[in-house]
Amino acid sequence: MKLLKKLDTIFSILLFFVVPIGLYFAFFYAPLEKIMGLIQKIFYFHVSSAWIGFFAFFITFIMSILYLITKKIIYDDIASASAEIGLIFCTIVIVTGPLWARPTWGVYWTWDPRLTSTLILWFIYVGYVMLRQFMEESQKRAQFSAALGIIGFINVPIVFLSIQWWENTIHPNVVQKGGGGMHPDMFVAMQVCLFVFTIIYISLLIRRLRIIFLERQVKLLELD
Amino acid sequence: MNYFKALFTIVKKDVLMEMRTKEVVNASLVFAILLVIVFSFIMEPGSEVEKKIAGGIFWMAVTFSGILGLNKTMMSELEGGNFEALMLAPVDKSAIFFGKVISNMLVLILLEIILIPLFLIFYSINIVSHPLMIAVLFLATYGYALVGTLFSMISVRTNSREIMLPLLLLPIMIPILIAAILSTNIFISGSDIIYSYNWIKLTAVFDIIFTAVIFGIFSAIIEE
Amino acid sequence: MGSSNTENTPLISLKQAMKIYGHLTALKKVDLDIFRGQSITIFGPNGAGKSTLLKILSMQSRLTSGSLLYNNIPYKKLNDDFRYNFGVISHQPFVYGGLSAMENLKFYGSLYNVSNVEEKASELLKQLDLYKRKDDLVRTFSRGMLQRISIARALIHSPEIIFLDEPYTGLDSLASNKLSILLKEQLSNNKTIIMVTHDLITGLDLADTVLIMNKGKIVYNCKKSDIEQENFHNIYLETAVEKGA
């Protein structure tokens with residue numbers, strides 16, 4: 001608990017410096033894209049969110065397995081915290097996707113395999129979070145959500161593949177997606193943004209875990 | 001006790017109970033037929049049903065009426081605490097689970113067998129227009145029963161089981177649904193059947209992966 | 001049951017047993033030895049951990065920490081077949097409403113690999129006055145009848161250890177007499193009985209050892225022969241209720 005509090009402080013300070021750096025790299029360091037212009041800036045946040053969302057669900061997957069093996073509630077805490085944060089980043093992906101797509105391709109939504117898979121992923125983890133809300137008993141909740149955390153994640157490549165094949169049967173000539181030839185400075189900016197988003201993810205995870213622990217302490221006090 | 005003997009005992013019990021009460025089949029069958037009729041209003045009156053959407057209607061009817069059936073069968077296990085009693089029996093816990101999967105699969109297959117002539121009568125479409133369709137029916141129904149049984153076991157213990165089951169099940173089922181619908185459409189439209197091979201393989205891979213995963217984690221998610 | 005069945009080896013041995021559900025500690029370092037042929041009754045206020053203890057002993061729940069031995073063998077080393085030795089009667093009937101009494105017994109009998117199920121089931125149904133209704137769907141049964149069919153269900157495979165969780169709730173006096181007679185018969189066959197109940201009179205009648213639990217601990221453990229029965233109610237009040245308050 002004390003360690004978490006310390007880490008929370010450290011990461012909050014870290015975020016204070018790191019976030020402006022990320023913004024600087026995205027908006028000033030990276031050159032303006034010739035065709036898409038300013039709109040392309042959203043790309044840094046869109047892709048970073050996608051990566052972090054996916055990484056968060058991967059952490060949920062690993063923690064779910066660890067929980068089922070050890071039955072230690074801490075793994076369930078990390079799994080659920082990570083799933084909630086993953087869901088936030090997933091939402092950012094789904095919102096920024098159409099914002100980028102509209103000026104670029106003229107439509108809000110393309111049934112692109114990546115974007116569509118993200119949407120399905122979003123639904124799976126909305127189910128995960130809702131399942132946890134609808135269950136009272138903490139042990140059963142941990143076991144069942146671990147099952148969902150494992151099955152949901154393993155399903156991701158299968159979903160992606162099926163949507164890709166499905167899209168190919170409808171539009172045999174797929175529209176060329178952006179990001180083909182990237183300027184080296186854009187690439188650097190991209191990586192800086194990814195790093196910043198990772199720091200955001202870790203600090204959110206620490207903060208969420210602290211809240212879970214505090215909630216548990218309150219509950220124990222109520223019981224006594 | 002032998003694994004398969006235990007599995008078969010469960011299936012035998014479910015068949016006997018279903019023959020006695022006919023609760024599951026009645027409820028889901030009426031709903032399935034109703035869905036087929038209601039879906040026909042997508043088309044203009046009197047116009048011939050487009051072969052492209054028949055597969056979709058068929059699988060949607062199976063999916064949604066299946067959800068009703070899954071909820072119902074799992075309720076009969078929970079009422080009177082039978083599930084607890086089954087977990088006490090001196091048999092592998094996953095044998096009981098896979099017994100329930102087979103029982104649910106039998107109900108779904110019965111549903112499909114009744115829907116097939118209905119498509120001939122109402123839409124003049126033969127769902128089974130190629131022998132390979134049998135494989136699609138079998139593999140897709142197994143995959144649906146497999147994940148559906150697990151999620152119905154989870155959702156019946158939540159406060160809002162009617163909402164939870166479709167919410168958890170449908171996103172995970174996307175690959176199976178796409179594969180089943182598209183390969184059914186390939187057979188109905190008389191396209192080259194080699195296009196269906198990938199879909200059949202995808203369904204089989206889904207079935208194998210999730211059979212192995214659930215077999216591996218089942219006792220860990222169910223024990224108290 | 002196992003191999004080494006000397007007088008000194010306990011049938012079930014629980015050491016420093018802890019069970020934590022999420023953030024709730026249901027059992028706090030419980031030690032308990034149970035010997036073959038014993039009849040143990042567990043009393044205690046609600047939430048004392050009685051049902052949890054019963055679930056642990058019948059391998060329905062896993063321990064969070066501590067050890068549980070059957071004939072000196074740790075429970076984790078025993079396979080699924082070992083549960084053949086357990087018969088559980090709970091406040092839930094554990095039978096399917098959509099099947100007849102006979103079909104229920106046959107189903108559970110075949111899960112337990114009982115050889116002559118039909119014969120055994122008929123015998124039990126006769127003993128419990130249910131034989132006439134053996135082909136009726138269980139969902140048409142009254143509460144007392146459900147309780148009786150659940151007793152038959154738990155005894156269909158002649159278990160060595162019988163666990164009972166509040167078996168007398170909902171039973172009329174005739175049925176509860178029948179249950180007592182049946183359980184005494186089991187005891188005379190050297191079976192072991194572990195019962196949780198609120199009913200001081202029937203609970204004491206059947207027991208040879210009495211436990212009282214409170215807040216996840218066994219606060220009282222005594223042979224019945226050492227108890228002055230008239231005093232027991234006072235003992236119960238002192239150990240369970242006051243500390244529970």
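In what follows, chains carry the letters A, B, and so on, assigned in the order in which the sequence lines appear, proteins first and then strands, with residues in each chain numbered from 1. These numbers come from a predicted model, not from an experiment.
In summary, of the residues considered (K13(B), R20(B), E79(B)), a side-chain contact (heavy atoms from CB on, under 4.5 Å) with Y96(C) occurs for K13(B) alone.
I96(B) does not touch chain C: none of its heavy atoms, backbone or side chain, sits under 4.5 Å away. Residue K106(C) does not touch chain B at all, counting heavy-atom pairs closer than 4.5 Å. Heavy atoms of S150(C) lying under 4.5 Å from chain B are absent altogether. With a 4.5 Å cut-off on non-hydrogen atoms, E23(B) touches chain C through its side chain but not through its backbone. Only the backbone of M87(B) comes within contact range of chain C, with at least one heavy atom under 4.5 Å from a heavy atom of that chain.
Applying the 6.0 Å contact sphere to NZ of K12(B) captures no more than 12 heavy atoms from other residues, nucleotides or ligands. Within a 6.0 Å radius of OH in Y75(C), more than 12 heavy atoms belonging to other residues, nucleotides or ligands are found. The environment of K93(B) atom NZ is dense: over 12 non-hydrogen atoms of other residues, nucleotides or ligands sit within 6.0 angstrom. More than 12 heavy atoms of other residues, nucleotides or ligands sit less than 6.0 Å from atom NZ of K120(C).
Y112(C) places a side-chain heavy atom less than 4.5 Å from the side chain of P90(B).
Interface remark: of the candidates K19(C), R153(C), R139(C), R139(C) forms the most heavy-atom pairs closer than 4.5 Å to chain B.
For S58(C) against L88(B), the heavy-atom pair with the smallest separation is O-CD2, 3.9 Å. Across every non-hydrogen atom of S110(C) and T9(B), the tightest pair is OG-CG2, 3.1 Å. Nearest approach of A85(B) to F94(C), heavy atoms of both residues: CB-CG, 3.6 Å. Across every non-hydrogen atom of V91(B) and R83(C), the tightest pair is O-NH2, 3.0 Å.
For the atom pair CD1 (I10(B)) and CG (L111(C)), the distance works out to 5.0 Å, reported to the nearest 0.5 Å.
N82(B) and Y108(C) share a side-chain donor-acceptor pair at under 3.5 Å.
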